[in-house]
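Please read the structure below before turning to the comments.
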Amino acid sequence: KAGVTQTPRYLIKTRGQQVTLSCSPISGHRSVSWYQQTPGQGLQFLFEYFSETQRNKGNFPGRFSGRQFSNSRSEMNVSTLELGDSALYLCASSGGMNTEAFFGQGTRLTVV
Amino acid sequence: DAKTTQPPSMDCAEGRAANLPCNHSTISGNEYVYWYRQIHSQGPQYIIHGLKNNETNEMASLIITEDRKSSTLILPHATLRDTAVYYCIVRVEFSTDKLIFGTGTRLQVFP
């Protein structure tokens with residue numbers, strides 16, 4: 001079956017703009033999590049959604065937001081982009097408690 | 001903060017077993033140990049997980065000490081394609097899929 005799909009794969013934006021990233025989980029998975037990966041901070045948890053509800057949130061400013069739709073697809077939005085938001089954004093989906101999470105290939109965002 | 005400690009880097013000869021250690025001395029009774037790896041610029045890949053018993057799958061074996069304060073991931077016959085950063089993770093809560101990544105171990109497999 002198809003894996004986790006993230007679109008777009010690459011993105012270049014200008015400071016001050018906003019961006020929306022998309023994640024389609026594995027069919028049947030209802031939990032979607034987002035992570036940010038930078039060389040300086042490593043992999044950091046952004047937020048987690050389950051059945052359209054945010055279940056957990058990491059320590060990121062309010063410029064970072066997300067949502068999940070009834071078909072479990074998820075989007076994350078970053079407003080007022082800063083240079084420091086340049087990162088690999090990863091999405092993971094899971095089929096339930098204490099089951100493994102499967103990651104997508106990520107969206108590489110570059111802010112110039 | 002991550003609840004695990006791993007050596008920053010390790011080397012292994014191709015064809016030999018790679019043994020990657022992880023310390024998780026503050027692990028709680030209902031927390032699982034998960035291992036993921038990340039090959040350069042790709043999404044992390046699940047390897048294996050366990051609670052207290054040793055586990056084995058087609059990719060690796062996981063040995064958890066009896067007191068559960070540490071574990072070892074074993075790749076029985078390392079190949080060049082196993083070169084990656086390996087993350088040992090303790091699941092923070094029972095009811096969430098949140099993963100707290102540490103800095104991991106960079107495993108270099110050489111010919």
Side-chain angles (χ1 to χ4, degrees), chain A residues 3-6 9-10 21 23-26 29-51 53-60 66 68 72 74 87-110, chain B residues 1-9 22 27-53 55-60 62 64 68 73 84-106:
Chain A
V4 178
T5 303
Q6 292 189 245
R9 289 292 310 277
Y10 303 91
L21 311 181
C23 172
S24 293
I26 291 172
H29 285 189
R30 296 165 62 190
S31 173
V32 173
S33 301
W34 289 89
Y35 296 82
Q36 181 197 64
Q37 186 172 28
T38 61
Q41 299 298 318
L43 267 158
Q44 293 187 287
F45 171 79
L46 278 159
F47 26 64
E48 172 195 4
Y49 288 88
F50 182 82
S51 294
T53 301
Q54 188 178 87
R55 190 159 65 178
N56 223 324
K57 188 177 190 304
N59 188 25
F60 278 82
Q68 187 180 32
S72 294
S74 178
L88 179 66
Y89 289 88
L90 292 157
C91 166
S93 77
S94 172
M97 266 192 291
N98 285 323
T99 60
E100 59 270 31
F102 293 89
F103 284 79
Q105 291 303 297
T107 293
R108 183 162 297 281
L109 171 66
T110 302
Chain B
D1 289 344
K3 296 178 66 173
T4 62
T5 305
Q6 300 176 252
S9 63
C22 178
I27 192 170
S28 300
N30 62 353
E31 288 180 321
Y32 287 70
V33 179
Y34 277 71
W35 283 84
Y36 282 80
R37 72 181 182 183
Q38 187 176 28
I39 297 169
H40 183 62
S41 293
Q42 297 182 20
Q45 177 191 24
Y46 166 80
I47 301 173
I48 199 167
H49 75 281
L51 183 62
K52 53 184 177 182
N53 297 320
E55 303 287 345
T56 295
N57 62 21
E58 65 278 4
M59 287 183 68
L62 174 60
I64 303 174
R68 302 211 321 125
L73 177 75
V85 178
Y86 287 76
Y87 296 98
C88 170
I89 300 164
V90 169
R91 290 285 284 267
V92 177
E93 296 174 10
F94 203 81
S95 60
T96 176
D97 292 323
K98 174 181 177 181
L99 299 173
I100 304 296
F101 287 84
T103 53
T105 296
R106 184 171 298 277

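Chain naming here is simple, since letters A, B, ... match the order of the sequence lines and numbering starts at 1 in each.
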For Gln6(A), is it the side chain, the backbone, both, or neither that has a heavy atom closer than 4.5 Å to a heavy atom of chain B?
neither
Leu88(A) portion near chain B, given a 4.5 angstrom heavy-atom threshold:
side chain
When you look at CZ of Arg106(B), are more than 12 heavy atoms from neighbouring residues, nucleotides or ligands closer to it than 6.0 Å?
no
Between Tyr35(A) and Leu99(B) (side chain of the first, backbone of the second, donor and acceptor by atom type, cut-off under 3.5 Å), is there such a pair?
yes
Can a donor-acceptor pair be found, under 3.5 Å and without considering hydrogens, that links the side chain of Arg68(B) to the backbone of Tyr32(B)?
no
With a 3.5 Å cut-off and no angle check, do the side chains of Tyr86(B) and Arg37(B) form a donor-acceptor pair?
yes
Go through the atoms of Gln38(B) and report whether side chain, backbone, both or neither lie under 4.5 Å from a heavy atom of chain A.
side chain
